[in-house]
Each structure stands twice: as C-alpha cells, then as structure tokens.
Amino acid sequence: MKTLIVITGPTGVGKTDIAINIAKRLSAEIISADSRQLYREIPIGTAAPTVEEQAKVCHHFVGTLNLDQYYSAAQFETDVLKLLPSLFEKSDYAILCGGSMLYIDAICRGIDEIPTISDEIRNSVIEKYKNEGIESICAELQRLDPDYYAIVDHSNHKRIIHAIEICQQAGVPYTTLRTGKHKQRPFRIIKLGINLPRPQLFERINNRVEKMLENGMIEEAKQVYHLRHLNALNTVGYKELFAYFDGTMDYTTAKERIKKNTRVYAKKQLTWYAKDNEIAWLTPQEASAWTPL
RNA sequence: GGUUCCUUGGCCGAGUGGUUAGGUACCGGUCUGCAAAACCGUUUACUCCAGUUCGAAUCUGGAAGGAACCU
C-alpha cells in the first residue's frame, strides 16, 4: 500500500527539518505544500528549504515558479497527482510537507471542478467592483446564484468576485459546481500535525524573523520591489518591508509587524487544522522519531 | 516650596451629567481555484477618597502620581 505522509502545522514550528528526517529514514521524496515557497525569487522570506537541505532529500515544488506566474490550489492538485506515481515507483512513501491549508486539502480531499476563468471575465468583474463597490457585485451575485449569495460573506469581495467569475465563465450558478464531495485517492494518507505550546511557537517565530532579516531578506525584498503589485508578493514579510522602503513605516515597526503578522498567520493555520480530525498531533520531537505502522 | 495643567480599557485616543466613540493589540472564528490571500466576532475603562445629584467618567473638595514654568 502506497502511503502519502502529510506533515503540516503552523509556520515556524520546524516542519522542514522533520520532513527531511522522516524522508531520509523512509527513502522518500518531499512534495512541498507551500503557496509561497513555490516562487524562486523569495526563498529567504518564505523560509524555503535551502540548497543544503534539498541536497539531503529531493524536494518538489520549491522555487519552481516566477513571481508573475498564476498558480492555485487546484493547479497544485493536478500537478501533484501527476507527479505522485513516479515517486511511488521509487518508494512506498511520499511526503507532503507544508503549511498552506488549502493546498493540503486540495491533495487530500480534492477541489471541485471549476472552469478556468478568462482574463476578460476576471478583469471585468474586478472593474465592476472597483467602480461600483461591493453592493453592486453583491446584487450581481444575488441575480446569478441566489443560493451561494445566501451563504457567502457579503463583506468579502474576493469570494463574491470569484463566485461571479465562475457563474459567468461556466454559464451556470456556482452552486451547481460545488459538490463538497471528498475525492478518493488511490493511496493511503496519514496526516501528522506538528505543534508546540503557543509561547514556544511564538518565540520561534520571532527568532526566525530576526534571522531572516540578518540573512539577507531585505536585499531579497529590494530585488522584487518593482513587482510588489503581484499577488505572490502579497505575503507576510514583503508587504511590511515594502512599506519600509516606501517610507511609510520605520524599520523597527516593520520588523515587529512581520513578527506579529506571522504569529497571526500561525494562529489562522491552527484554526483551520482544528477542524480536521484526521490529523494526529505531535510535538517536533515526537514527529522526528515517528515511523509509520 | 509656589503657580498652572494633566490622570480614560495592554497601548493610542474622543467624549456629553443618565442612550456603553473609534483605532490598535490580544483572544476567538469563517473558508473547496490568487489562501502567508480575503473577511467576521468577543472581551478589557473611565487613578483613589468624600461630597452635590433621582443619577457622575462627566460638577465640587481632598489625596496620590505626572508635566511645564517660577523662586
């Protein structure tokens, strides 16, 4: 029985090391499930596995995209499912390691089939939102898909816009495409969640931010500053440094903001994972020593 | 020592005699195609004591702490 071992948990808890330990022991390769480590220009601020770490175990989906390339959880699902058979030829195990909740779920449960949105439709909906405001797109969605409108957060323009796009692209209400069904996978999945008591986790996060800054994150951010409008750079760490470069935030504030926003992100991850009762929670020590039954 | 002024929740900050500003932090939550995104919610108060008043954070007196200036 082929097995996918999922290693997840809040940012900064030490997933990378643990995944490498387990992978070496099982002669497995690692699939990164991190929506930002995908981008090759920003390894420092995303704490991507280093060259040395990647030399120990083969990693996939790290530094494979340019910042201007579109990517999504659904694309990740497709790409990973295409890659997995070759990994399972070499080993009984593969490791999926990362903290992007939606990416993990896309692999473990699948994402509903939805047509790819054309640029014209996407831009037109965004324009409508910019010009006419949230009420206007809410009314539009209510007309196109009253069922989804009834359950969606009316303050969240991203969700509203996305739903309208889908309705327009598909020609049917978004609701009809939302099955909510979990797909079956042709391999076993074991989910390990790594966590620490919050004070310890937060201390690790704070220390890691200091280290990133010492290790050249500012230079890294400067080199991508001209691309700051891209979604891939709407990311904790870069947002704050860009504000510092712009002169709208002083350096100390930016640094503390990065720490705070990283802590907030970690909490958000924990909130998401709390609903997933398939996760076996372990401390970093327990996880490093973990072996499958 | 004297004169004047100040004292609001972790922090910033508005305020009228009785209908509990707001921001930020913290904490909690939502989530099926940009998710390290986007969005939502709760809690914490009027320095202390006495008085006036039906009722005071808001008025009066005193205490404590702080600020500026003067000798």
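These numbers were taken from a predicted model, which means no experiment stands behind them. First the proteins, then the strands, lettered A, B, ... as listed; each starts at 1.
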TODO: Group every Ile, Leu, Val, Met, Phe, Trp and Tyr by side-chain heavy-atom contacts under 4.5 Å, then state whether A:Ile42 and A:Val51 land in the same group.
DONE: no

Open item on the list: Which label fits A:Tyr244 and A:Tyr251: parallel for a plane angle under 30°, tilted from 30 to 60°, or perpendicular past 60°?
Closed with: tilted

Task: Minimum-distance nucleotide (side-chain atoms of A:Gln37 versus B:rA36, B:rG33, B:rU32) - done: B:rA36

Task: Partner nucleotide, any strand, of B:rC26 [Watson-Crick/G-U, under 3.5 Å] - done: none

- [ ] Quick one: label A:Gly45 by what it contacts on the DNA or RNA (base, sugar-phosphate, nothing), any heavy atom closer than 4.0 Å.
- [x] base

Task: Any A:Lys181 side-chain nitrogen or oxygen under 4.0 Å from OP1 or OP2 of B:rU32 - done: no

- [ ] Examine B:rC27: is either OP1 or OP2 under 4.0 Å from a nitrogen or oxygen in the side chain of A:Arg198? Give yes or no.
- [x] yes

Open item on the list: Can you tell whether the side chains of A:Lys15 and A:Asp34 come within less than 4.0 Å, N to carboxylate O?
Closed with: no

Open item on the list: Just N and O in the side chain of A:Arg178: are any of them under 4.0 Å from OP1 or OP2 of B:rU32?
Closed with: yes

Open item on the list: Would you say A:Lys275 places a side-chain N or O within less than 4.0 Å of OP1 or OP2 belonging to B:rC31?
Closed with: yes

Task: Atom C1', compared across B:rG13 and B:rG61: separation rounded to whole Å - done: 29 Å

Task: Ion pair check, A:Lys183 and A:Glu113, cut-off under 4.0 Å - done: yes

Open item on the list: For B:rU60, give the paired nucleotide (Watson-Crick: N1-N3 plus N6-O4 or O6-N4; G-U: N1-O2 and O6-N3; both under 3.5 Å), or none.
Closed with: B:rA50

Open item on the list: At 4.0 Å (heavy atoms only), tell me whether A:Thr11 reaches a base, stays on the sugar-phosphate, or touches nothing.
Closed with: nothing

- [ ] Would you indicate, yes or no, if B:rC26 has its OP1 or OP2 atom less than 4.0 angstrom from a side-chain nitrogen or oxygen of A:Arg263?
- [x] yes

TODO: Determine: side-chain N/O of A:Asn234 to OP1/OP2 of B:rA38, distance under 4.0 Å, yes or no.
DONE: yes

Task: Short side-chain N/O contact from A:Tyr70 to OP1 or OP2 of B:rG33, under 4.0 Å - done: no

Open item on the list: By nearest atom, which of the nucleotides B:rC39, B:rC34, B:rU30 is closest to the A:Ser155 side chain?
Closed with: B:rC39

Open item on the list: Below the 4.0 Å mark, does B:rA36 have OP1 or OP2 next to a side-chain nitrogen or oxygen of A:Tyr238?
Closed with: no

Open item on the list: Within the 3.5 Å criterion, strictly below it, is a donor on A:Glu220 or A:Tyr238 matched to an acceptor on the partner's side chain?
Closed with: yes

Open item on the list: Please confirm whether the shortest side-chain N or O distance from A:Thr271 to OP1 or OP2 of B:rG29 is below 4.0 Å.
Closed with: yes

Task: Ring-face cation contact, A:Trp272 with A:Lys275, 6.0 Å cut, 45° max - done: yes

Task: Selected nucleotide, minimal atom distance to A:Asn156 side chain, candidates B:rA36, B:rA38, B:rG29 - done: B:rA38

TODO: Please state whether the base of B:rA37 and the side chain of A:Lys268 form at least one donor-acceptor pair under 3.5 Å?
DONE: yes

- [ ] Could you check which nucleotide pairs with B:rC5 in any of the strands shown, counting Watson-Crick or G-U wobble with both distances under 3.5 Å?
- [x] B:rG66

- [ ] Go through the N and O atoms of the side chain of A:Arg159 and the base of B:rC39, and report whether any donor-acceptor pair is under 3.5 Å.
- [x] no

Task: B:rU71 pairs with, by Watson-Crick or G-U criteria that keep both distances under 3.5 Å - done: none

Open item on the list: Taking 4.0 Å as the cut-off, does a side-chain nitrogen or oxygen of A:Thr116 come that near to OP1 or OP2 on B:rG33?
Closed with: no

Task: Side-chain N or O of A:Arg36 closer than 4.0 Å to phosphate OP1/OP2 of B:rA35 - done: yes

Open item on the list: At less than 4.0 Å, is any side-chain N or O atom of A:Ser35 found next to OP1 or OP2 of B:rA35? Yes or no.
Closed with: yes

